[in-house]
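The figures here come from the full heavy-atom set of this structure, side chains too, leaving out hydrogens, waters and symmetry mates. One-based numbering, in listed order, for ligands and for the atoms of each. Just so it is clear, the model here is predicted, and its values are computed rather than measured.
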Amino acid sequence: MTEIFKNIPEIKFEGSSTKNMFAFRYYDSERIVLGKPMREHLKFSMAWWHNLCGTGADMFGVGTADKSFQSTPETMEHAKAKVDAGFEFMDKLGIRYFCFHDVDLVPESENIVETNKRLDEVTDYIKEKMKQTGIKCLWGTANMFKNPRFMNGAGSTNSLDVYSFAAAQVKKALELTVKLGGTGYVFWGGREGYDTLLNTDIKFEQENIAQLMKMAVKYGRSIGFNGDFFIEPKPQEPMKHLYDYDANTAINFLRQHGLDKDFKLNIEANHATLAGHTFQHELRVSAINGMLGTIDANQGDYLVGWDTDHFPSNVYETTMCMYELLKAGGLKYGGINFDAKNRRASYTFEDMFMGYILGMDTFALGLIKAAEIIEDGRIDSFVKERYSSFEVGLGAKVRRGETTLEELSEYAARLGKPEFPGSGKQEYLEGIINSILFK
Ligand code: XUL
Ligand code: CO
């Protein structure tokens with residue numbers, strides 16, 4: 001088979017001082033960090049859609065990148081050329097996982113029976129490549145936002161026909177995920193929301209979405225899907241309001257509908273910031289609720305109000321992300337999927353590699369720094385000390401739920417004026433982080 005990314009070598013670790021553009025500066029897959037090789041902490045995954053399908057088209061202009069891979073777009077020949085390109089790309093970078101939507105893999109036909117046939121054919125081909133390379137599927141999903149039929153939503157649609165079509169796509173995408181050995185199945189509800197409440201019954205729509213998810217769990221488990229289902233929260237775009245607004249909202253929805261045993265969350269950095277939260281906040285909220293499932297790695301542009309899906313370059317953010325991940329004990333069925341795309345003006349094959357090298361290095365550096373923060377211990381011990389008044393005596397009774405308003409009132413009355421609660425020392429703590437990041 002002919003090489004697609006000619007002149008691009010296998011990317012190896014060379015250290016931070018290298019000037020070689022095709023090398024990792026920080027990602028050293030075998031380096032041990034806190035007792036585990038980096039590759040185990042950082043289960044990197046390639047997003048089929050951005051990397052192999054995205055051409056840089058935006059609302060104002062057509063694509064700039066040629067992703068035909070020497071074939072004719074919208075054909076099965078192209079679908080297979082994308083497989084060839086994808087596996088060569090992952091192999092050269094040492095990426096061991098990929099994620100996909102159904103429609104990323106093949107051109108969609110008007111008829112779902114025909115589309116499904118194409119999906120069977122291409123996944124046979126993908127399976128062969130997986131066998132040859134050892135590369136695995138991280139998660140699969142159904143694209144239920146692109147086709148015009150989903151204009152009013154998929155699970156949240158007003159039309160039974162469209163709802164059934166969504167169900168059919170979920171069924172097939174689950175079968176494909178099982179066929180490819182994926183350990184996750186994602187629901188990102190891009191059209192599950194509303195543009196105006198004047199035409200929308202929120203309760204009805206959310207109940208229907210929950211039903212679709214329940215059917216997915218039932219069917220998935222019946223065909224041997226033992227991994228996690230994931231909801232991927234996002235506050236808006238394309239709809240003005242999306243139901244899975246942020247981690248807390250999605251967790252509440254899952255619990256309300258009894259889905260919390262089978263589902264966890266897929267936290268995406270740019271979605272977090274669109275919701276007015278830090279990436280770290282969304283990870284923390286998920287983790288403390290036992291819901292941290294997987295990560296869509298990217299970053300937004302704080303000066304732009306939409307989902308720009310930049311490759312991660314902000315080491316502060318990846319450090320805090322890896323700090324949360326390490327403290328949560330890692331991701332069981334999840335990984336770090338680069339839901340990221342090159343800028344429109346970065347249209348060459350080289351740029352595709354540069355994006356992944358940047359992202360992988362930024363996460364590797366984040367991992368190294370997060371481990372140093374934990375080993376340093378000053379942040380964790382400060383936080384522990386900050387709440388120490390609840391460790392003994394009456395404070396411990398509060399924690400155990402053994403006290404009353406009466407008892408606390410009597411205590412308060414005896415105190416007179418309470419002492420200040422102790423400095424939050426934010427500037428001191430931020431200084432510690434800087435001294436670890438930039439030593
Ligand atoms: C869109 C987004 C999706 C999901 C999968 O903002 O993040 O690519 O990750 O459908
Ligand atoms: Co995403």
Side-chain angles (χ1 to χ4, degrees), residues 43-59 97-105 108 137-147 150 153-156 166 169-170 172-174 176-177 182 184-193 209 212-213 216 228-247 250 263-275 277 279 282-283 286 292-301 304-312 317 321 331 333-342 355 359 363:
K43 276 169 64 183
F44 290 131
S45 154
M46 180 194 74
W48 210 271
W49 52 104
H50 285 313
N51 205 44
L52 304 174
C53 313
T55 58
D58 66 18
M59 309 249 274
Y97 296 88
F98 64 89
C99 297
F100 70 96
H101 300 79
D102 46 4
V103 307
D104 306 336
L105 301 182
E108 209 185 348
C137 171
L138 186 66
W139 54 255
T141 187
N143 182 321
M144 305 195 294
F145 42 90
K146 186 174 169 193
N147 194 294
F150 296 123
S156 62
Q169 272 187 252
V170 171
K172 187 65 185 176
L174 270 166
L176 298 174
T177 303
Y185 184 87
V186 165
F187 280 89
W188 172 60
R191 307 251 175 219
E192 313 291 35
I209 295 169
L212 184 62
M213 290 179 175
D228 279 331
F229 289 86
F230 300 119
I231 277 187
E232 183 178 328
K234 185 176 179 181
Q236 73 278 120
E237 195 202 2
M239 303 307 267
K240 163 204 173 107
H241 180 94
L242 294 178
Y243 293 136
D244 301 324
Y245 196 92
D246 61 2
F263 273 79
K264 288 193 167 53
L265 300 185
N266 178 17
I267 297 299
E268 177 163 327
N270 203 166
H271 296 179
T273 49
L274 285 176
H277 303 306
F279 186 24
E282 289 291 83
L283 294 166
S286 307
L292 181 53
T294 192
I295 283 176
D296 264 11
N298 59 23
Q299 76 183 37
D301 184 326
V304 179
W306 61 88
D307 198 11
T308 62
D309 289 341
H310 282 65
F311 280 96
E317 265 188 16
C321 166
L331 303 169
Y333 290 123
I336 297 173
N337 171 50
F338 287 107
D339 193 354
K341 61 186 180 201
N342 286 110
F363 264 86

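Below 3.5 Å of separation, one finds an N or O of Asp339 facing an N or O of ligand 1. In terms of polar-atom proximity, defined here as any N/O pair under 3.5 Å, Glu268 does make such a contact with ligand 1.
Asn298 and Asp339 share no donor-acceptor pair across their side chains, judged by distance under 3.5 Å alone. A donor-acceptor contact closer than 3.5 angstrom is absent between the side chains of Asp228 and Trp139.
Atoms of ligand 1 lying under 4.0 Å from any heavy atom of Asp307, numbered from 1 in the order shown and given with element: 6 (O). Atom numbering of ligand 1 starts at 1 in the shown order; those under 4.0 Å from a heavy atom of Trp49 are 8 (O).
The salt bridge (Lys or Arg N to Asp or Glu O under 4.0 Å) check on Glu108 picks up Arg149, with sequence neighbours excluded. Partners of Lys172 by side-chain contact (heavy atoms from CB on, under 4.5 Å), not counting sequence neighbours, listed by chain and number: Asn116, Leu119, Asp120, Glu175, Leu176.
Shown here are the protein N/O/S atoms lying under 2.8 Å from the Co ion (ligand 2), water excluded: Glu232 OE2, Glu268 OE1, Asp296 OD2, Asp339 OD2.
Taking the six-membered ring where tryptophan is involved, the planes of Phe100 and Phe98 are tilted, since the angle between them lies from 30° to 60°.
At least one heavy atom of Asp296 sits closer than 4.0 Å to an atom of ligand 1.
Taking all heavy atoms of Glu232, Glu237, His50, Lys234 into account, the minimum distance to atom 7 (O) of ligand 1 is reached by Glu232.
No side-chain donor-acceptor contact under 3.5 Å links Asp296 to the backbone of Asn266. Proximity of a side-chain donor or acceptor of His241 to a complementary backbone N or O of Gly193 within less than 3.5 Å is not detected.
Nearest protein neighbour of atom 5 (C) of ligand 1, counting heavy atoms only, is His101 NE2, 3.2 Å.
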| message | Assess the residue pair Trp306 and Met59 against the criterion (side chain to side chain contact (heavy atoms under 4.5 Å, CB included)); give the C-alpha distance rounded to whole Å, side-chain angles, the decisive distance to 0.1 Å, and a yes or no. | response | CA-CA 12 Å; Trp306 61 88; Met59 309 249 274; over 6 Å; no
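Applying the salt bridge (charged side-chain N to carboxylate O under 4.0 Å, His left out) test to every pair with at least one member in residues 232-245, sequence neighbours left out, gives these pairs: Lys234-Glu237, Lys234-Asp307.
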